[in-house]
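Reading through the structure tokens given below for one structure.
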Amino acid sequence: MKNTNKRSVTTKSVDSVDSSRRSALRTIGLFSTVPFIGGAWIGCGDSSSTTTDVQNITNFSTDLVLDGDVYTAAHWGALKVSVKGGKIVKSQNAFSGLEENPLQAVTADLVDGKYTNRIKAPMVRKSYLEKQAGNNALRGADEWVEVSYEEAIKIVSDEIKRVRSSKGPTAIYGGSYGWKSSGNMHNARTLLHRFLNLGGGFVGGLGDYSTGAAQVIMPHVLGTLEVYEQQTSWPLVLEHSKVVVIWGANPVDTLRIAWSSNDNQGLEYLKKLRDSGKKIICIDPAKSSTVQYFDSKAEHIRVVPNTDVALMLGIIHTMLVTNKYDKDFIADYTEGFEKFQKYVEGKTDGVVKDAKWASDICGVSEEKIKELAEVFFENRTMIMGGWNMQRQHHGEQAHWMLVVLSSMIGQIGLPGGGFGFSYHYSNGGAPTTNAPVVGGISIGKVSSGGAEWLSDGSAVSIPVARVTDMLANPGKTIKYNGKTIKYPEIDLVYWAGGNPFVHHQDTNALLSAWRKPTTIIVHDMYWTPTAKMADIVFPITTPYERNDITMSGDYSNMNINPMKQVVAPLEKAKSDYQVFSDLAEACGFGEQYTEGKAEMDWIEEFYNAAYQNAQKAGVVMADGNPMPDFQTFWSANRPLVFDATPEGLDFVRYADFREDPILNPLGTPSGRIEIYSEVIEKMNYKDCKAFPQWFEPAEWKGMKDKPAEFALLSPHPSLRLHSQLANTRLRDEYAVANREPIWINPADAKAKDIQNGDLVRVFNKRGQILAGAVVSDIVDEGVVRIYEGAWYDPSDASEANTLCKNGSANVLTMDIPTSELANGNSACTALVNIEKYTGTPPENTAFLPPKGA
Ligand SMILES: Nc1nc2c(c(=O)[nH]1)N[C@H]1C(S)=C(S)[C@@H](COP(=O)(O)OP(=O)(O)OC[C@H]3O[C@@H](n4cnc5c(=O)[nH]c(N)nc54)[C@H](O)[C@@H]3O)O[C@H]1N2
Ligand SMILES: Nc1nc2c(c(=O)[nH]1)N[C@H]1C(S)=C(S)[C@@H](COP(=O)(O)OP(=O)(O)OC[C@H]3O[C@@H](n4cnc5c(=O)[nH]c(N)nc54)[C@H](O)[C@@H]3O)O[C@H]1N2
Ligand SMILES: [Mo]
């Protein structure tokens, strides 16, 4: 494929902006996005000097558009937002002619709408403010009291000083896991880490919830994280693959967002795949949006939840006995196959992992398993693996086993063959362009190197999903990837840009552990469940109330987007940067925190570094022009577009390794794909061994003596990003009986006397929630589905096992580690019961402010 397959992006144009319809307004609201710069701040009681006139700092226009279009960006893509009379009236993709993405249309609601529920002022929980003994027990059930911004800064800075001086940095948990908003400057989590890092250290979080298991096992197997790497380019997949397997992924939904900002290319390629006539196979327990999208153009294989490893073993065994696998690839590129083979053949444990054995566990017929072995081996096959199957108990095994299966197919490193673990996420496979990378705010002087997710400059770090365990069990030691970690004793928790009362497993266990620290501080735009569980909250500006910059396309680097302020901020809301700048000042390191720079100074600096690199390299944009200087870029109010390079279009993952494994070895101890890992063998873990294998999960549909009846799927929502966007009109499209929907198979609904639209109580030994029934064969008998991300809404947070009135799946999920190796979360391993709810329905208060607010 030689560069003829250029993407269509160059033909798209940013809708032209009618500058005559723009009128300028310099609002006082703008001031709140300008950080305090040195000097005048003399103490926590001084209210006169937290802001500085923007005109003194910037030399270009940051005027607000009152009537006209403003370009910005969000996780869901580059946006064109139309404003009338200073209010948002429309929001759409900045580029025309792309696949529809409904998340892009609701920007107005995020600022102000039916469910928006903004935090309007700094607030403190009443009994905390009054320093009542044992006030922690009232978290989530107390009244709130408004305080002035200056008072809030004083309370927080004094408290941080107290904890630091009496207990040291390891008493502050700043892991603050979360998806925050797009933007290289207003990066909530990094801004918090910068504040805690420059202030003397903190306890951080290792890894993430997305790929907690895979990102720890993959370096042992392949020498890289693998889950966050560029994939063989989509044009090559479309040209060369004969079979595309979408294994436990739902790209039609999950490609609606990206970590930086969505370039929307994945959905375009999926459309091309659908129309390609290739054999498409979806392996998923549910008839996901993707299965529905491909409809008759794909084969849907329903697997029993949590049993993919068994299915893979059945395919592998079939390949062995039919002698249809690539022995040369195994010999040349992998390590330790023979030992694994003994396990498959039952020589180590007396259990032959043949198609019959696999079928009994995974529910896929023996014939189908044998057919898959044949189809995969005989055709150029690309396996696109999603991540849900590693967000499960023993999640390390699934991706490891998929790599072994791909090795036996023998097409790794060939165009259109092998596996890819990022096609469903952030548009992996969208060819990389020549754009220079725009940097962002950093954690400050301690340079940690590597990805923000993986090293946060913290003093001690715990695997992110061990947060409840850490809070509940100070001093406990756990094993982690060959090391031991001793939990510190946490006295203060600081969260900015995440929502643990929605994202973390076993909410009731978290609720009880959360009562231990003396102080909990949360920054958010909205009264989220986590904000309601705090002691002190700061009201934060939405991304549409401040200026920023982001690229879109985590792998393509396709655009550089100005994120221009769209509307004046809510009166008392401030950016995270402003709050942390003022806190740093109050703690004596304001100058170090801001380096004397305001919002626009940073944005200009990030842009200029990229601009200079582009100039040096002679980069030309898609329209043939060089990159504009910053002033031109900013006032032009539109994204820059870059074109894929020939190398980007022709990229084949692992092509170099395939060409010469000696010259281009992998970063594993053997330099080859480790089917057997001596490193892991030496760790001697009970739940992750030297080669991938089937372990029975703690709870699953086929287990003996099931503690509850139904397997719970809790995948990612179509019309939200986790909990984000739940408070928009999109909710009207999915809520049932004003609750989060639960999908129930018709046979199960009949047996439980549940009708479509009924209120259902979903429960197990960990908790109980209300949900609205959708009776549908989207799920099999014995399986139910509730999307993660519904806002937790406890009936009475001070009561044990309180009912969640809105339907948050994590009230029901298990807070156990995937294994001693990765300690990832096991969110998608859980059994639940269902029954028709017959009581008087309690009011859903998820989107209402708490008492006093
Ligand atoms: N059962 C189950 N649970 C899961 C999963 C699952 O599959 N099943 N998936 C897991 C995964 S992969 C993930 S990534 C997590 C996601 O968990 P989170 O990342 O915590 O989810 P979000 O809803 O994106 O939370 C972001 C929060 O930041 C706030 N925010 C946005 N912008 C800003 C800002 O500029 N400043 C501040 N201060 N706040 C801001 C938003 O309002 C929101 O409250 O959930 C995990 N939980
Ligand atoms: N619209 C939208 N897009 C998102 C997100 C979002 O919240 N909303 N979140 C983003 C984030 S942070 C992440 S980490 C990714 C998550 O990406 P993934 O982890 O891949 O997404 P999930 O939705 O959890 O699961 C994908 C599919 O796996 C299926 N599945 C569940 N259990 C099993 C099983 O045991 N076996 C098999 N074979 N399949 C199973 C589900 O039914 C679902 O269709 O998505 C990203 N994209
Ligand atoms: Mo994630």
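When a ligand or atom number is given, it counts from 1 through the structure's own listing order. Keep in mind that this is a model prediction, so the values were computed, not measured.
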Next item on the list: Give yes if a backbone or side-chain nitrogen or oxygen of Ser210 is under 3.5 Å from a nitrogen or oxygen of ligand 2, and no if not.
Entry: no
Margin query: As an exercise, identify every atom of ligand 2 less than 4.0 angstrom from a heavy atom of Ile283.
Written below: 38 (N)
Check: Is Ser714 close to ligand 2, meaning an N/O of one under 3.5 Å from an N/O of the other?
Finding: no
Next item on the list: May I ask which of His186, Glu545, Met525, His503 has a heavy atom nearer to atom 20 (O) of ligand 1 than the others do?
Entry: His503
Margin query: Can you tell me which portion of Pro715 lies within the under-4.0 Å heavy-atom range of ligand 2? Options are side chain, backbone, both, or neither.
Written below: both
Check: Roughly how far apart are Asn806 CG and Arg739 CZ, rounded to 0.5 Å?
Finding: 7.5 Å
Item checked: Heavy-atom donor-acceptor pair, Asp554 side chain to Ser260 backbone, under 3.5 Å -> yes
Margin query: Given Gln392, His716, Lys701, identify the one with the heavy atom nearest to atom 5 (C) of ligand 2.
Written below: His716
Check: From Asp208 CG over to Trp259 CH2, what is the distance, rounded to the nearest 0.5 angstrom?
Finding: 8.5 Å
Checklist line | Heavy atom of the protein closest to atom 14 (S) of ligand 1 (residue, atom name, distance) | finding: Tyr177 OH, 3.0 Å
Next item on the list: Assess whether atom NZ of Lys706 is packed by more than 12 heavy atoms of other residues, nucleotides or ligands within 6.0 Å.
Entry: yes
Note to self: Any nitrogen or oxygen of His523 lying under 3.5 Å from a nitrogen or oxygen in ligand 1? Just yes or no.
What the structure shows: yes
Margin query: Can you name the atoms of ligand 2, numbered from 1 with element, that are less than 4.0 Å from a heavy atom of Asp253?
Written below: 1 (N), 2 (C), 3 (N)
Checklist line | Any N or O of Asn306 closer than 3.5 Å to N or O of ligand 2 | finding: yes
Next item on the list: Determine, considering heavy atoms only, which of Leu192, Val522, Asp576, Thr530 sits nearest to atom 36 (N) of ligand 1.
Entry: Asp576
Next item on the list: Could you tell me whether Gly497 and ligand 1 have an N or O pair separated by under 3.5 Å?
Entry: yes
Notebook entry, point to check: Which value, rounded to the nearest 0.5 Å, describes the distance between Ile549 atom CD1 and Ile603 atom CD1?
Noted result: 7.0 Å
Notebook entry, point to check: Between Tyr577 and Trp602, how do the two ring planes meet: parallel, tilted or perpendicular, split at 30° and 60°?
Noted result: perpendicular
Next item on the list: Give a yes or no on whether the ring-centroid distance for Phe421 and Trp387 is below 6.0 angstrom.
Entry: no
Note to self: When you compare ligand 1 with Gln724, is there at least one nitrogen or oxygen pair between them that comes in under 3.5 angstrom?
What the structure shows: yes
Note to self: Starting from atom 3 (N) of ligand 1, what is the nearest protein heavy atom, named by residue and atom, and what distance separates them?
What the structure shows: Asn810 ND2, 3.0 Å
Notebook entry, point to check: Backbone, side chain, both or neither: what part of Glu788 comes under 4.0 angstrom of ligand 1, heavy atoms only?
Noted result: side chain
Next item on the list: Name the closest protein heavy atom to atom 28 (O) of ligand 2, giving the residue it belongs to and the distance to 0.1 Å.
Entry: Gly248 O, 3.3 Å
Notebook entry, point to check: For the residue pair Phe501 and Trp527, is the inter-centroid distance of their aromatic rings smaller than 6.0 Å?
Noted result: no
Checklist line | Contact partition for Trp387 relative to ligand 1, non-hydrogen atoms under 4.0 Å | finding: neither
Item checked: Distance-only N or O hit between ligand 1 and His504, under 3.5 Å -> no
Check: At what distance is the nearest protein heavy atom to atom 24 (O) of ligand 2, and which residue and atom is it?
Finding: Asn388 ND2, 2.9 Å
Next item on the list: State plainly whether the residues Glu740 and Arg720 are in salt-bridge range, i.e. N to O under 4.0 Å.
Entry: yes
Note to self: Quick check on contacts: which atoms of ligand 2 are under 4.0 angstrom from a heavy atom of Ser718?
What the structure shows: 1 (N)
Item checked: Nearest-contact summary for atom 21 (O) of ligand 1 - protein heavy atom, Å -> His722 CB, 3.4 Å
Next item on the list: Looking only at distances, please establish whether an N/O atom of ligand 2 is found under 3.5 Å from an N/O atom of Gly386.
Entry: no
Item checked: Nitrogen or oxygen atoms of Thr813 and ligand 1 under 3.5 Å apart -> no
Check: Strictly by modelled atom types, are Ser91 and Thr107 linked by a side-chain donor-acceptor pair under 3.5 Å?
Finding: yes
Checklist line | Ring centroid separation Phe580 to Tyr494 under 6.0 Å | finding: yes
Note to self: Looking only at protein heavy atoms, which one is nearest to atom 40 (C) of ligand 2, and what is the separation?
What the structure shows: Pro285 CD, 3.2 Å
Check: Does any N or O atom in Thr528 lie less than 3.5 angstrom from one in ligand 1, N or O only?
Finding: no
Note to self: Just to confirm my output: which protein heavy-atom neighbour is closest to atom 19 (O) of ligand 1, and how far is it?
What the structure shows: Trp179 N, 2.7 Å
Checklist line | Test of ring centre spacing under 6.0 Å for His716 and Tyr787 | finding: no
Margin query: So that I can tick it off, tell me whether Glu545 and Arg118 are bridged by a salt bridge, with the cut-off set at under 4.0 angstrom between side-chain N and carboxylate O.
Written below: yes
Item checked: Plane angle bin for Trp495 and Tyr173 - parallel if under 30°, tilted between 30 and 60°, otherwise perpendicular -> perpendicular
Item checked: Aromatic Tyr149 / basic Lys572 pairing, under 6.0 angstrom, 45° off normal -> no
Checklist line | Heavy-atom nearest neighbour of atom 45 (O) of ligand 2 within options Leu712, Thr254, Leu721 | finding: Thr254
Check: What do we get for Tyr209 next to ligand 2 when only non-hydrogen atoms under 4.0 Å count, side chain, backbone, both or neither?
Finding: neither
Next item on the list: Output the list of atoms in ligand 2 that are nearer than 4.0 Å to some heavy atom of Pro305, sorted by atom number.
Entry: 35 (O)
Check: Is it true that Glu99 and Arg256 make a salt bridge, defined as a side-chain N closer than 4.0 Å to a carboxylate O?
Finding: no
Notebook entry, point to check: Looking only at non-hydrogen atoms, which of Asp524, Ile257, Asp208 approaches atom 42 (O) of ligand 1 most closely?
Noted result: Asp524
Next item on the list: Find all atoms of ligand 2 within a distance of less than 4.0 Å from any non-hydrogen atom belonging to Ser288, and give their numbers and elements.
Entry: 44 (O)
Margin query: With a heavy-atom distance limit of 4.0 Å, tell me whether Pro717 approaches ligand 2 through its side chain, its backbone, both, or neither.
Written below: both
Checklist line | Whether His394 and Phe695 hold their rings parallel, tilted or perpendicular, with breakpoints at 30° and 60° | finding: parallel
Check: Under 4.0 Å from any heavy atom of Tyr526, which atoms of ligand 1 are there?
Finding: 42 (O)
Note to self: So which atom in Thr290 and which in Pro251 form the shortest heavy-atom distance, rounded to 0.1 Å?
What the structure shows: OG1-N, 3.2 Å
Checklist line | Val303 contact mode with ligand 2 (heavy-atom cut-off under 4.0 Å) | finding: side chain
Check: At under 4.0 Å between heavy atoms, which part of Arg720 makes contact with ligand 2: side chain, backbone, both or neither?
Finding: backbone
Margin query: Please classify the Ser181 to ligand 1 contact at 4.0 Å (heavy-atom distances, strictly less than): side chain, backbone, both or neither.
Written below: both
Check: Does a donor on one side chain sit under 3.5 Å from an acceptor on the other, for Asn262 and Asn427?
Finding: yes
Note to self: Need the ligand 2 atom indices (1-based, order shown) with element for anything under 4.0 Å from a heavy-atom of Asp308.
What the structure shows: 34 (C), 35 (O), 36 (N), 37 (C), 38 (N)
Checklist line | Pair His75 + Trp179: ring centers closer than 6.0 Å | finding: yes
Check: If you measure every N/O of Arg391 against every N/O of ligand 2, is any gap under 3.5 Å?
Finding: yes
Item checked: Within-shell test, Arg546 vs ligand 1, heavy atom, strictly < 4.0 Å -> yes
Checklist line | Top protein contact for atom 23 (O) of ligand 1, by heavy-atom distance | finding: Ser723 OG, 2.5 Å
Checklist line | cation_pi(Arg194, Tyr593) dist<6.0 Å, angle<=45 | finding: yes
Note to self: Could you check whether Asp780 pairs with Arg302 (Lys NZ or Arg NE/NH1/NH2 to Asp/Glu carboxylate O, under 4.0 Å)?
What the structure shows: yes
